[in-house]
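Basis for what follows: all heavy atoms, side chains included, without hydrogens, waters or symmetry-related copies. Everything quoted here is computed from the prediction, not taken from an experiment.
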Amino acid sequence: MIADLLKARIRENGPLSLAVFMAEALFDPREGFYATKNPIGAGEDFITAPVISQMFGELMGLWAAQTWMDMGRPAPLQLIELGPGTGAMMADALRAGRAVPGFSNAVEVTLVEASAALKAVQGRTLTPSGVMARWTDRLQDAPPGPAVILGNEFLDCLPVRQAVKAGGVWRERMIGLHPEDARRFAFVIGPPLGADEGLVPARLKDAADGTLAELRPGDRQVVEALAARFAAHPGRALFIDYGPAQSEAGDTLQAIRGHEKADPLTAPGTADLTARVDFESLIAHARAAGLDAHGSVTQGAFLTRLGVEARAAALSAANPGKRAQIARQLYRLTDETQMGSLFKAVCLSSRGLPPPAGFDAHG
Ligand code: SAH
């Protein structure tokens with residue numbers, strides 16, 4: 001079991017970074033949460049916007065097509081999705097994109113997916129539509145060229161580290177064994193971050209003793225990969241995820257199993273582990289890396305600007321028996337009490353493109 005292997009590592013080498021714990025729990029090739037099965041769906045562990053409603057993926061497809069036009073209709077266009085889950089979003093996006101003349105013929109689809117099990121699910125979702133997709137494990141391995149890159153609930157499962165300020169110094173909060181019961185994991189305070197202090201969100205750097213900060217090295221790697229790619233070829237990446245617009249202190253590590261919150265340190269590999277995306281730091285880092293950034297805007301505002309209400313009305317008119325169901329989907333995607341305000345959209349682009357659809361002129 002993953003837990004046993006991690007405990008053996010701790011006994012041998014001392015406490016582990018939370019990022020290591022998360023990476024093993026999610027992606028251990030034999031027992032990792034994502035590595036072995038599809039966890040996304042009403043009967044599974046958690047649900048996401050593309051699985052709630054086809055409208056979500058359709059609007060992403062129209063956004064991608066608009067971006068393609070903004071870029072001067074390059075052919076081919078690399079349409080790349082990071083962490084496609086079931087593949088539902090890409091299937092809906094490509095179907096909607098057919099309404100835009102020339103777009104379907106221009107796109108080449110790449111799915112960046114770490115999980116072998118999910119690659120198979122994505123293949124089954126996309127094959128009926130006749131889409132030829134290619135798969136890679138990393139963004140860096142996707143084909144070069146002008147690109148639109150999409151990622152829904154991708155950043156939130158990138159492994160995070162945590163740090164606590166103590167005696168004026170940031171120290172890593174790590175995972176060790178419980179002092180009274182070595183069968184259990186427990187958080188322990190580790191060594192000072194040292195050179196990694198640069199990963200602490202700028203807004204929290206001078207916070208008082210006792211403050212807990214989350215560090216998101218994975219976001220930085222994604223930004224750096226985008227910056228390298230967009231330095232050579234124009235492109236634009238859209239991320240939608242949950243988290244605050246401004247960096248916040250506190251532990252946001254969350255485990256979800258069977259749609260219920262669970263203890264993140266119990267039975268790693270059997271629950272989804274995520275942490276809130278820090279949009280302020282993501283944007284600051286993207287700008288420092290030479291990218292244009294728009295957002296963050298709330299998912300509710302973003303989808304509304306892209307026309308989700310008109311799409312819901314059209315779908316209801318075509319399927320009168322599903323009117324109530326479509327209204328419920330719209331509510332879940334856009335209402336403030338649902339995904340509408342906790343979830344945000346952010347757009348990171350190569351320099352010099354017109355403002356992206358769905359973000360206001362200042363965003
Ligand atoms: N976008 C989908 C799935 C979200 S779950 C949806 O909205 O329904 C997160 C997805 O990202 C899964 O497909 C997971 O396997 C993938 N993933 C997470 N970290 C990854 C990484 N570092 N590289 C590639 N894929 C990753």
Side-chain angles (χ1 to χ4, degrees), residues 1-11 15-52 83 85-86 113-118 121 152-164 172-190 212-216 218-219 240-244 248-278 332 337-339 342-343:
M1 272 185 18
I2 296 175
D4 296 329
L5 294 175
L6 291 173
K7 282 173 198 162
R9 275 171 75 175
I10 294 171
R11 277 194 300 272
L16 297 171
S17 163
L18 174 55
V20 172
F21 185 90
M22 254 179 107
E24 298 291 333
L26 296 179
F27 291 106
D28 175 88
R30 275 180 308 160
E31 295 177 42
F33 180 72
Y34 284 110
T36 53
K37 59 166 184 166
N38 168 31
I40 309 160
E44 314 302 334
D45 289 292
F46 66 95
I47 192 126
T48 56
V51 178
I52 290 173
T86 63
E113 173 57 66
S115 153
L118 285 173
V121 175
N152 185 62
E153 293 213 44
F154 170 73
L155 299 174
D156 65 6
C157 61
L158 297 183
V160 299
R161 295 166 65 184
Q162 290 184 338
V164 171
E172 184 144 8
R173 184 173 188 245
M174 307 183 82
I175 296 179
L177 300 177
H178 198 282
E180 277 138 39
D181 179 0
R183 288 169 306 176
R184 282 160 52 201
F185 294 107
F187 281 106
V188 297
I189 302 302
L212 190 154
E214 284 177 340
L215 325 181
R216 305 192 54 88
D219 291 3
I240 300 187
D241 226 308
Y242 80 115
E248 284 177 3
D251 171 15
T252 75
L253 180 68
Q254 169 176 288
I256 298 279
R257 181 189 302 117
H259 300 273
E260 306 272 345
K261 285 202 177 169
D263 173 18
L265 300 195
T266 302
T270 65
D272 191 26
L273 291 180
T274 60
R276 293 186 175 208
V277 173
D278 171 2
R332 286 185 72 181
T337 63
Q338 307 286 309
M339 301 177 84
L342 176 59
F343 282 73

How long is the gap from [atom1] on [X] to [atom2] on [Y], to the nearest 0.5 Å?
X	Y	atom1	atom2	value
Leu118	Thr86	CG	OG1	8.5 Å
Asp241	Asp156	CG	CG	4.0 Å
Leu177	Ile10	CG	CD1	4.5 Å
Lys261	Gln254	NZ	CD	4.5 Å
Ile52	Gln338	CD1	CD	8.5 Å
Phe343	Asn152	CZ	CG	7.5 Å

Is there a side-chain contact between [X] and [Y] in this structure, where contact means two heavy atoms from C-beta onward sitting under 4.5 Å apart?
X	Y	answer
Leu215	Val160	no
Ile47	Arg332	yes
Leu26	Cys157	yes
Asp219	Asp278	no
Phe187	Gln162	yes

With Phe46 via ring pair (Phe, Tyr, Trp, His ring centres under 6.0 Å) - residues at least two apart:
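Per chain and number, Phe46 pairs via ring pair (Phe, Tyr, Trp, His ring centres under 6.0 Å) with no residue.
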Quick one: list whatever passes ring pair (Phe, Tyr, Trp, His ring centres under 6.0 Å) with Phe33, sequence neighbours left out.
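With neighbours one apart ignored, the set is empty.
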Give the minimum heavy-atom separation between [X] and [Y], together with the two atoms involved.
X	Y	result
Leu273	Ala25	CD1-CB, 3.9 Å
Leu265	Pro268	O-CD, 4.1 Å
Ala255	Pro264	CB-CA, 3.6 Å
Phe185	Ala3	CZ-O, 3.6 Å
Leu16	Met174	O-CB, 3.3 Å

Is the shortest side-chain N to carboxylate O distance from Glu172 to Arg161 below 4.0 Å?
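Looking at Arg161 together with Glu172, the answer is yes, because their closest N to O distance falls below 4.0 Å.
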I'd like to know if the side chain of Glu214 reaches the main chain of Thr252, judged simply by a donor and an acceptor atom lying under 3.5 Å from each other, with no hydrogens or angles considered.
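Yes.
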For the side chain of Arg173 and the backbone of Ser17, is there at least one donor-acceptor N/O pair under 3.5 Å apart?
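Side chain of Arg173 to backbone of Ser17, a donor-acceptor pair under 3.5 Å: no, none is there.
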Could you note down all residue pairs passing salt bridge (Lys or Arg N to Asp or Glu O under 4.0 Å) where residues 17-28 supplies at least one of them, sequence neighbours left out?
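Listed by first then second residue: Arg9-Glu24.
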Quick one: side-chain hydrogen bond (donor to acceptor under 3.5 Å, both in side chains) pairs with a partner in residues 266-277, sequence neighbours left out?
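Passing the test, one end in residues 266-277: Tyr34-Asp272, Tyr242-Thr274, Arg257-Thr270, Asp263-Thr266.
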Tell me, which pairs form a side-chain hydrogen bond (donor to acceptor under 3.5 Å, both in side chains) where one or both residues lie in residues 37-46, sequence neighbours left out?
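Listed by first then second residue: Lys37-Asp45.
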Side chain to side chain donor-acceptor pair (under 3.5 Å) partners for Arg30, two or more places apart
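Applying side chain to side chain donor-acceptor pair (under 3.5 Å) to Arg30 gives none.
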